[in-house]
Amino acid sequence: MFRRTCAACHRLAGEGAAIGPALEGVGQRGPHRLLEDILDPNRNVDEAFRTTTATTTDGRTISGLRLRDEGADVVFADATGREVRVARDAIDETVVSPLSPMPSNMAAQIGEQHLPDLLHYLLMQPPALRQ
């Protein structure tokens with residue numbers, strides 16, 4: 001279930017993309033908060049995971065997670081997790097969405113019959129090991 005629906009954006013145990021928050025230890029949030037995060041992803045959107053849309057001076061539009069500023073470039077992660085580099089001086093405007101990039105219909109995508117299994121799986125995840 002995780003690999004099919006969540007790993008496209010979330011990392012867990014070294015697997016998946018880093019577009020959304022890592023899910024190690026996510027079960028510590030408890031079942032109510034975790035279910036809320038799945039069913040209503042726009043309720044509590046961490047600013048670090050909001051989609052940024054940049055319009056360039058030549059009219060291109062780049063949309064994704066703003067990862068970092070690196071030298072003269074801004075680095076974004078697109079919807080597939082691929083890094084996209086844009087020269088900072090080529091960006092005309094940026095807009096940060098207040099919404100989560102996570103689809104608001106996750107229960108339908110997962111299938112309501114599978115939601116309890118996914119919730120159980122996520123609740124069982126241990127915290128990440130600190131080094």
Side-chain angles (χ1 to χ4, degrees):
M1 175 65 54
F2 173 81
R3 285 181 188 99
R4 189 178 49 147
T5 58
C6 308
C9 296
H10 297 280
R11 286 190 71 69
L12 181 59
E15 198 175 319
I19 298 170
L23 297 180
E24 279 83 3
V26 72
Q28 294 178 338
R29 293 181 177 185
H32 297 291
R33 172 66 193 273
L34 191 52
L35 191 59
E36 177 184 285
D37 289 345
I38 294 169
L39 298 178
D40 188 6
N42 293 316
R43 181 174 279 189
N44 297 302
V45 184
D46 185 315
E47 287 188 34
F49 296 103
R50 293 181 177 175
T51 300
T52 298
T53 301
T55 305
T56 62
T57 53
D58 64 0
R60 291 181 300 135
T61 301
I62 294 91
S63 189
L65 179 67
R66 184 176 181 149
L67 296 177
R68 64 188 176 277
D69 291 351
E70 194 170 273
D73 295 338
V74 178
V75 182
F76 296 90
D78 69 10
T80 67
R82 184 178 61 95
E83 288 191 3
V84 177
R85 225 172 244 288
V86 181
R88 188 179 352 292
D89 62 2
I91 296 174
D92 187 40
E93 178 183 31
T94 59
V95 176
V96 179
S97 173
L99 303 177
S100 171
M102 185 166 147
S104 59
N105 66 340
M106 281 308 296
Q109 289 187 26
I110 293 167
E112 288 185 29
Q113 72 275 18
H114 299 295
L115 196 54
D117 293 334
L118 178 61
L119 192 60
H120 176 74
Y121 175 74
L122 293 173
L123 286 167
M124 303 309 297
Q125 297 309 307
L129 297 175
R130 298 201 178 189
Q131 297 182 9

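In this chain, residues are counted from 1 in sequence order.
- Inter-residue side-chain proximity for Ile91 and Ile62 is flagged as unmet; no heavy-atom pair is nearer than 4.5 Å.
- Ile38 and Phe49 fall into different hydrophobic clusters, defined by Ile, Leu, Val, Met, Phe, Trp and Tyr side-chain heavy atoms under 4.5 Å apart, directly or through other members.
- Note that the CZ atom of Arg29 and the CD atom of Gln125 stand 13.0 Å from one another [nearest 0.5 Å].
- Expressed to the nearest 0.5 Å, how far CZ of Arg68 lies from CG of Asp73 amounts to 10.0 Å.
- Taking a 6.0 Å sphere around CZ of Arg3, one finds it holds 12 or fewer heavy atoms contributed by other residues, nucleotides or ligands.
- For the pair Leu67/Glu83, a side-chain contact is recorded, criterion being any heavy-atom separation below 4.5 Å from C-beta on.
- Taking 4.5 Å as the limit, some side-chain heavy atom of Asn44 sits within range of a side-chain heavy atom of Glu36.
- Heavy atoms only, all atoms of each residue included: Gln113 and Pro116 are closest at O-CD, 3.7 Å.
- When hydrophobic clusters are built by joining Ile, Leu, Val, Met, Phe, Trp and Tyr residues whose side-chain heavy atoms come closer than 4.5 Å, directly or via intermediates, Leu119 is grouped together with Leu39.
- Enclosure of atom NE2 in His120 is not indicated, since only 12 or fewer non-hydrogen atoms of other residues, nucleotides or ligands lie within 6.0 angstrom.
- Closest approach of Pro98 to Arg50, counting heavy atoms only: O-NE, 4.0 Å.
- When all heavy atoms of Leu115 and Ala107 are compared, the closest pair comes out as CD2-CB, 4.5 Å.
- No side-chain heavy atom of Pro41 sits less than 4.5 Å from a side-chain heavy atom of Met106.
- Rounded to the nearest 0.5 angstrom, Glu93 CD and Thr61 OG1 are separated by 9.5 Å.
- A donor-acceptor pair under 3.5 Å links the side-chain atoms of Glu24 to the main chain of Ala13, judged by distance alone.
- Proximity of a side-chain donor or acceptor of Asp46 to a complementary backbone N or O of Ala48 within less than 3.5 Å is detected.
- Annotation: side-chain hydrogen bond (donor to acceptor under 3.5 Å, both in side chains) contacts of Thr53 (sequence neighbours excluded): Ser63.
- When side chains are defined from C-beta on, Cys6 does not count as touching Leu122, because their heavy atoms never get closer than 4.5 Å.
- Within 6.0 Å of CD in Glu112 there are 12 or fewer heavy atoms belonging to other residues, nucleotides or ligands.
- To the nearest 0.5 Å, the span separating CG on Asn105 from CD1 on Ile110 amounts to 9.5 Å.
- In this structure the side chain of Gln28 reaches within 4.5 angstrom of the side chain of Pro127, judged on heavy atoms.
- The line from CG of Asp37 to OG of Ser100 is 9.0 Å long, rounded to the nearest 0.5 Å.
- The backbone N or O of Gly71 lies less than 3.5 Å from a partner atom in the side chain of Arg88, making a donor-acceptor pair.
- For Thr56, the side-chain hydrogen bond (donor to acceptor under 3.5 Å, both in side chains) partners at least two apart in sequence or on another chain are Asp58.
- Rounding to the nearest 0.5 Å gives a distance of 7.5 Å between CG of Leu65 and CD1 of Ile19.
- Atom CD of Glu47 has 12 or fewer heavy atoms from other residues, nucleotides or ligands within 6.0 Å.
- Between Thr94 and Val74 the shortest side-chain heavy-atom distance does not fall below 4.5 Å.
- Side-chain heavy atoms closer than 4.5 Å link hydrophobic residues (I, L, V, M, F, W, Y) into clusters, and following such links, even through other members, never connects Val45 to Val26.
- Following chains of ILVMFWY side-chain contacts shorter than 4.5 Å, one cannot reach Val75 starting from Val86, and the two form parts of different hydrophobic clusters.
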